[in-house]
Amino acid sequence: MEKGIRIAELFGKEDKYTGKTVRVQGWVRTRRDSKAGVSFIELNDGSSLKGLQVVAALDRPEYRDVLERITTGSAVLVEGILSPSPGKGQAVEIQADRIELYGWADPAVYPLQKKRHSFEFLRQIAHLRPRTNTIGAVARVRNRLGFAIHQFFQERGFNYLNTPIITASDCEGAGETFRVTTLDPLKAVQAENPYGDDFFSRPAYLTVSGQLQAEIFALALGRVYTFGPTFRAENSNTSRHLAEFWMVEPEMAFYDLEDDLELAKEFIKHLVGVVLEECTEDLDFFTRFVEPELRGRLETVVNRPFEVITYTEAVELLKKSGEQFAFPVDWGGDLQAEHERYLTEKVFKRPVGIIDFPRSLKPFYMRVNDDGKTVAAMDILVPGTGEIIGGSQREERLDMLLEQMKLKGISVEDYRWYVELREFGSAPHAGFGLGFERLVQFVTGLPNIREVIPFPRTPGHAEF
Ligand code: 4AD
Ligand code: MG
């Protein structure tokens, strides 16, 4: 007999295993003793949402001594014959011949008893929450998407690039960086040489984006992508922001904004398509218990074209909407989450790309448009989540880049290498960043981003 079979495999290949002795190992979700003298145990091993029903006769000497200790949360091994199930809700069940208990879970204190728990409560037990249906399903979908991202780019000739986590630059220029230092914050710093004793002898930060370094490699390898952790100390306690999140950043030489937008659309459609086709069980679960419109929303993304409008058009639409927004809209102002959601959920009911933002709103590296007032930026918004992608064509003209840096107060000395990329073989290029958790949030319909990352970091929270 094999060492152990994953439960998901049994469901896919009932014919192969029915009538055979199999061994499964997992955690008990529920146990119910019937008057007919058998115990029904639902065993879950994380391979699928659905567990395997174990039927154990209560009077079998082979396992009678352990059976009474089989409680919700216990880890067990079960061997027995896989048989067609007469009961409702499952095609097969296992008739236990042998049951072994690895680890007991005391029902008096084990927190995950069979009932619904609030997401807030589950966050406090992040070491146990992956054993719940919701968080387990998120983990499987997240895994599948991570793989699909690599597949998408690898099939298109992109090179996977690891950009630094510790960096001296603040790519987005928003001042939301975490400092990296070995200095003791409680000890006074010498004012004349504040970084002299520090590890890097200069201010260093956790990266907010791998873009600037990705540009270096795009201007050598042509097409690259990063997929790594990024960090932002924005003090926004919202359902869409994390202090530590994962970003996918492709960067392409010889691409303009239009090419960039095309790739981003294709990318989103591809990823959503993978979830629709390959994560059906988990997606059905989310549609049933989390967001009834989810499946329909995802199908729309795959089947219908995206809408693309300029920032100026977006502002006009919002102004004449007659909607009462908490933040007023005016040309030159940032689009707030409420505005983004209005456009994608109410006006267009599908993903929307917004391009050509005011120069003043966006970072120094974006390419200035011919009007001199806007830059070749793009944001992609999706229903339910809002902004999921931010990107742009990069400023490849030396004189314009220097003008932008001056305007934004960015030191040419500090970014000498970035400027040199425009002095030596400069070329048009573009890229974007997809917030990985925003994507997982979008395809699972979960209201809070803290549920889609294993261990969320937010203001005041860095547990586990
Ligand atoms: O729009 P952003 O700030 O763009 C950049 O960082 C560019 N350097 C990307 C590039 O062109 N290579 O961030 C990109 C995406 C956002 O659209 C959003 O999905 C996500 O990252 N994001 C966050 N996700 C979770 N928590 C946060 N605090 C996030 N901030 C941005
Ligand atoms: Mg953005």
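Every number for a ligand or one of its atoms is a count from 1 in the order of the listing.
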Which atom of A137 lies closest to which atom of L49, heavy atoms considered: CB-CD1, 4.2 Å
Beyond-backbone contact of Y415 with L212, side-chain heavy atoms, under 4.5 angstrom: yes
S392 heavy atom under 4.0 Å from ligand 1: no
Ring-face cation of K362 near F357 (centre distance under 6.0 Å, axis angle within 45°): yes
Close-contact set for ligand 1 against Y365 heavy atoms, below 4.0 Å: 7 (C), 8 (N)
Any R394 heavy atom less than 4.0 Å to ligand 1: yes
Side chain, backbone, both or neither: the part of F245 lying under 4.0 Å from ligand 1 by heavy atom: side chain
Member of F364, F424, Y365 meeting the ring-ring contact (aromatic ring centres under 6.0 Å, His included) criterion with Y418: F364
Under-4.0 Å heavy-atom contact with ligand 1, by part of E251 that carries it: neither
Ligand 1 contact by E437, heavy-atom criterion under 4.0 angstrom: no
F152 six-ring face occupied by R156 cation (under 6.0 Å, within 45°): yes
Ligand 1-proximal atoms of T230, by part, heavy-atom distance under 4.0 Å: neither
H241 contact mode with ligand 1 (heavy-atom cut-off under 4.0 Å): both
Of all N/O/S atoms in E387, the name of the one nearest the Mg ion (ligand 2): OE2
Derivation and outcome, side chain to side chain contact (heavy atoms under 4.5 Å, CB included), residues R397 and V368: CA-CA 10 Å; R397 298 162 297 185; V368 179; 4.1 Å; yes
